[in-house]
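What follows is one structure encoded as structure tokens, with my remarks underneath.
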Amino acid sequence: MGESNTQATNLIGTQNPASKDSGANKLPATVAIINGRPVIKHPPEGPYPVIVPCRGLRLVVNGEERKEPMPVTSKDKIEILPVDEKQEGYWRIKISGDKLAALLQMRPGIILHRCLKDLPPAKVLQLEVLEQESHYPPFTLEDLVRELKSQGIQYGIDWQTCARLVEEPAEGTWTIARGQPAFPGKDATVQLLFTTQDRVPVTIKEEDQQVNFRERFQFTSVEPGTVLARKKPVTGGRPGRAVTGEIILPPEPREIELVAGQGAILSDNGLEVVATRSGRPMARKTKDRVTIEVVPALIHDGNVNLSSGNINFSGDVIVTGQVEEGMAIEAGGNVYVGDTVSRGIIRAGGSIEVAGNIFVSVLAAGGITAFQQRLSPLLARIAEELEQLITAIKQLLRHPSFKKDDLKGGIGPLVLLLLEKKFQGLSPAIELLQKEVQNLQTISLGEPEGLINDLERLTRSPLAVKNLDYLETMLQKVAGWQEGISAPLQGRADVTVNYVVNSTIMASGNIRVLGDGCYHSRLQAGKSVTINGVFRGGEIQAQGDVYIRELGSRSGIETRVITRSGARVKAGHVFENTSVQIGPRVYSFGREEQGVTLYLDREGELIRSYMN
């Protein structure tokens with residue numbers, strides 16, 4: 001009996017046997033948790049303290065688990081058992097889209113370790129629990145090795161990181177294998193060894209009082225043997241390797257073809273273009289080709305007159321004397337005239353510069369640019385018609401009712417039939433192309449050899465066409481020609497003159513009048529117009545800014561300036577009966593004004609401002 005009481009004491013803690021003393025009935029009913037064990041006190045006949053269980057602890061009274069508040073006595077066998085909680089982790093291995101990394105995504109498992117919290121005596125004791133969290137890996141190293149093998153991951157595995165994550169699991173994404181990226185090569189490049197400006201200004205010192213007009217600019221030129229361009233060939237890349245062991249090939253570098261045009265030669269290794277004659281270097285760039293050529297210069301020492309005849313030349317033209325009445329110069333490049341132009345015509349694909357005065361003449365710079373604007377859509381139209389013609393022939397040849405024996409002599413009958421019935425627009429387009437080319441036969445247009453003759457033969461003798469290869473080759477030449485002329489020539493077509501009377505000046509670039517000015521003339525510029533002197537009578541049309549020292553005249557001769565929205569017109573002095581149009585807005589001067597600038601504001605209203 002005494003042994004049994006000893007065991008009960010170990011289970012329920014310190015007990016106070018009932019006393020016959022009259023004060024025993026006044027003993028309070030309490031239960032406390034001391035050193036993790038319950039200590040119960042109460043009068044012999046009650047009342048009894050109450051234990052309230054909580055989550056994470058099992059309350060077992062006399063061998064039976066209690067989940068509701070339970071009165072207890074000092075004679076009860078009470079066990080309060082902590083319940084640890086385990087939360088499963090998560091992990092997976094994912095290969096990146098480029099196969100250059102294997103990523104381990106992990107959320108470690110969690111174990112909540114619980115123990116009973118010591119509590120002071122209370123009649124109703126709410127149990128409380130202390131929790132401590134620890135992590136455990138959701139996988140073993142063996143699990144990881146199996147998963148790597150199942151996904152084929154075999155290259156660049158970081159075993160040190162793998163082992164650390166097993167020993168010290170943590171939530172996150174970790175790179176456990178790295179591939180070797182492919183190293184891209186370098187695209188081919190072409191370095192131009194000459195300025196792309198068709199002329200460069202000559203430096204003028206401040207102490208120079210007299211300036212020779214013809215020396216204000218110097219045309220860009222080269223001598224035979226000059227290296228014009230160098231090509232840096234493509235550099236091959238280095239292959240990489242995926243984490244799965246596959247070889248990753250680098251992207252193919254972009255190739256550029258270096259081509260030598262007229263007046264130049266390509267070196268044996270294809271990496272240099274060298275000039276073979278004197279002239280002006282030019283570069284024509286397309287998507288995957290750079291063509292370098294040298295436009296020759298024709299020097300005419302003296303006047304252009306009846307003795308010399310008109311000058312037609314595909315390159316630059318330099319005339320040391322005058323252009324006399326009724327004479328013309330047509331050039332594919334730049335034109336320089338050292339003296340007067342009187343009742344003459346100068347048309348140039350490049351810039352025009354005249355050192356003397358201009359009387360009753362026409363100057364047009366940028367002929368090639370203007371021609372390209374007409375020629376490119378024409379070539380596009382012919383290419384489209386040819387492509388549709390070829391497609392139609394292929395469809396007819398595949399048709400089950402078609403008999404191949406009918407065309408033993410070639411596909412000419414089909415071509416004739418389709419040209420007459422379906423593609424009536426092809427022949428007029430080719431005829432128009434022939435006329436356009438004939439009109440500017442002195443200008444090098446990069447026409448593929450024999451193409452014009454082939455197109456003419458197609459429309460004149462369609463029965464002679466033997467096979468589709470002939471038409472497909474023709475289509476390739478037309479498309480290639482269009483791409484070539486669509487690439488803008490380097491430089492711009494400007495006109496620079498000294499003094500102009502009763503003449504028409506046109507330029508795809510800028511117009512500059514450096515001398516006394518212009519009288520009763522028409523100026524049309526694709527960019528800006530600058531007149532250091534006066535502009536009296538006539539019209540200026542420009543796409544850029546216009547600057548004039550003196551605009552109009554006291555006699556009231558009608559004078560107009562027209563330019564686009566966004567441009568500015570500046571004039572030092574403006575006379576009445578002069579109008580300025582900027583975009584859709586027009587301002588007419590009713591009186592003389594000084595130092596005026598006209599432009600459109602953001603709302604499109606015409607604004608006039610004045611210099612102080």
Any side-chain heavy atom of [X] sitting closer than 4.5 Å to one from [Y]?
| X | Y | result |
| --- | --- | --- |
| Arg238 | Pro250 | no |
| Val50 | Val72 | no |
| Val129 | Pro82 | no |
| Asn35 | Asp118 | yes |
| Leu426 | Leu386 | yes |
| Leu165 | Leu104 | yes |
| Cys54 | Gln126 | yes |

If you measure from [atom1] on [X] to [atom2] on [Y], what distance do you get to the nearest 0.5 Å?
| X | Y | atom1 | atom2 | result |
| --- | --- | --- | --- | --- |
| Ser565 | Gln581 | OG | CD | 9.0 Å |
| Ile95 | Leu100 | CD1 | CG | 11.0 Å |
| Asp76 | Ile40 | CG | CD1 | 6.5 Å |
| Thr189 | Leu258 | OG1 | CG | 10.5 Å |
| Gln388 | Leu418 | CD | CG | 11.5 Å |
| Tyr547 | Thr597 | OH | OG1 | 10.0 Å |

Any ion pair linking [Y] and [X] (charged N to carboxylate O, less than 4.0 Å)?
| X | Y | value |
| --- | --- | --- |
| Glu79 | Arg66 | no |
| Glu605 | Arg585 | yes |
| Glu64 | Lys77 | no |

Worksheet item: Considering residues at least two apart in sequence or located in another chain, which fulfil the ring-ring contact (aromatic ring centres under 6.0 Å, His included) criterion with Tyr48?
Response: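 By the ring-ring contact (aromatic ring centres under 6.0 Å, His included) rule, Tyr48 matches His42.
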Might you point out which heavy atoms bring [X] and [Y] nearest each other, and give the distance in Å?
| X | Y | value |
| --- | --- | --- |
| Glu128 | Leu57 | O-CD1, 3.8 Å |
| Leu600 | Leu606 | CD2-CA, 3.6 Å |
| Ile582 | Ala567 | CG2-O, 3.9 Å |
| Gly179 | Val243 | N-CG1, 3.4 Å |
| Val166 | Phe139 | CG2-CE1, 3.5 Å |
| Pro47 | Ala29 | O-CB, 3.2 Å |

Answer yes or no: does atom [atom1] of [X] have more than 12 heavy-atom neighbours from other residues, nucleotides or ligands under 6.0 Å?
| X | atom1 | result |
| --- | --- | --- |
| Arg178 | CZ | no |
| Glu252 | CD | no |
| Ile265 | CD1 | no |
| Glu133 | CD | yes |
| Glu387 | CD | no |
| Asp268 | CG | no |
| Phe183 | CZ | no |

Practice prompt. Test Glu171 against Arg107 for salt bridge (Lys or Arg N to Asp or Glu O under 4.0 Å), laying out the working first.
Written response: CA-CA 4 Å; Glu171 185 171 0; Arg107 186 179 68 245; 5.6 Å; no
Worksheet item: Within 45° of the ring axis of Trp159 and under 6.0 Å from its six-membered ring centre, is that where the NZ or CZ of Arg164 lies?
Response: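 Geometry flag: not set, cation outside 6.0 Å or 45°.
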Worksheet entry | NZ or CZ of Lys570 within 45° of Tyr599 ring axis and under 6.0 Å |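 Cation-pi check for Lys570 and Tyr599: fails.
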Would you find a donor on one side and an acceptor on the other, under 3.5 Å apart, between the side chain of [X] and the backbone of [Y]?
| X | Y | answer |
| --- | --- | --- |
| Thr226 | Ala275 | no |
| Lys231 | Ile256 | yes |
| Thr73 | Lys75 | yes |
| Thr30 | Pro121 | no |
| Asp545 | Arg568 | yes |
| Asp158 | Ile176 | no |
| Asp469 | Glu472 | no |
| Ser96 | Ala101 | yes |

Item to complete: Could you go through the side-chain contact (heavy atoms from CB on, under 4.5 Å) check for Ile411 and Ile393 one step at a time?
Response: CA-CA 8 Å; Ile411 62 173; Ile393 292 173; 4.3 Å; yes
Item to complete: Given side-chain hydrogen bond (donor to acceptor under 3.5 Å, both in side chains), test Arg92 with Gln105 step by step and report yes or no.
Response: CA-CA 5 Å; Arg92 74 165 182 164; Gln105 295 177 341; 2.7 Å; yes
Worksheet item: Are Arg284 and Met282 close enough, and set up right, to give a side-chain contact (heavy atoms from CB on, under 4.5 Å), and what steps lead you there?
Response: CA-CA 7 Å; Arg284 189 189 300 274; Met282 299 179 66; 5.8 Å; no
Discussion item. Which residues pass the side-chain hydrogen bond (donor to acceptor under 3.5 Å, both in side chains) test with Arg230, not counting sequence neighbours?
Written reply: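 With sequence neighbours excluded, Arg230 shows a side-chain hydrogen bond (donor to acceptor under 3.5 Å, both in side chains) to Glu272, given in chain and number order.
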Item to complete: Could you walk me through whether Glu85 and Arg55 pass salt bridge (Lys or Arg N to Asp or Glu O under 4.0 Å), step by step?
Response: CA-CA 11 Å; Glu85 184 177 335; Arg55 182 178 178 277; 3.0 Å; yes
Practice prompt. Starting from the C-alpha separation in whole Å, work towards a yes-or-no answer on side-chain contact (heavy atoms from CB on, under 4.5 Å) for Ile51 and Leu59.
Written response: CA-CA 9 Å; Ile51 297 179; Leu59 174 61; 3.9 Å; yes
Discussion item. The test is side-chain contact (heavy atoms from CB on, under 4.5 Å); show your working for Trp91 and Glu147 and say whether it passes.
Written reply: CA-CA 11 Å; Trp91 71 288; Glu147 183 62 21; 3.8 Å; yes
Worksheet entry | side-chain hydrogen bond (donor to acceptor under 3.5 Å, both in side chains) between Ser528 and Asn510, intermediate numbers included | CA-CA 5 Å; Ser528 66; Asn510 302 313; 2.9 Å; yes
Item to complete: Among Arg114, His113, Lys117, find the one that has a side-chain contact (heavy atoms from CB on, under 4.5 Å) with Leu130.
Response: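 Filter result, single survivor: Lys117.
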Practice prompt. Pick out which of Ile110, Asp84, Ile111 makes a side-chain contact (heavy atoms from CB on, under 4.5 Å) with Ser134.
Written response: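 Testing Ser134 for a side-chain contact (heavy atoms from CB on, under 4.5 Å) against Ile110, Asp84, Ile111 leaves exactly one candidate, Ile111.
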Discussion item. Could you go through Lys422 and Glu385, starting from their C-alpha distance and side-chain angles, then the distance that decides it, and tell me whether this counts as salt bridge (Lys or Arg N to Asp or Glu O under 4.0 Å)?
Written reply: CA-CA 10 Å; Lys422 190 174 182 180; Glu385 293 273 343; over 6 Å; no
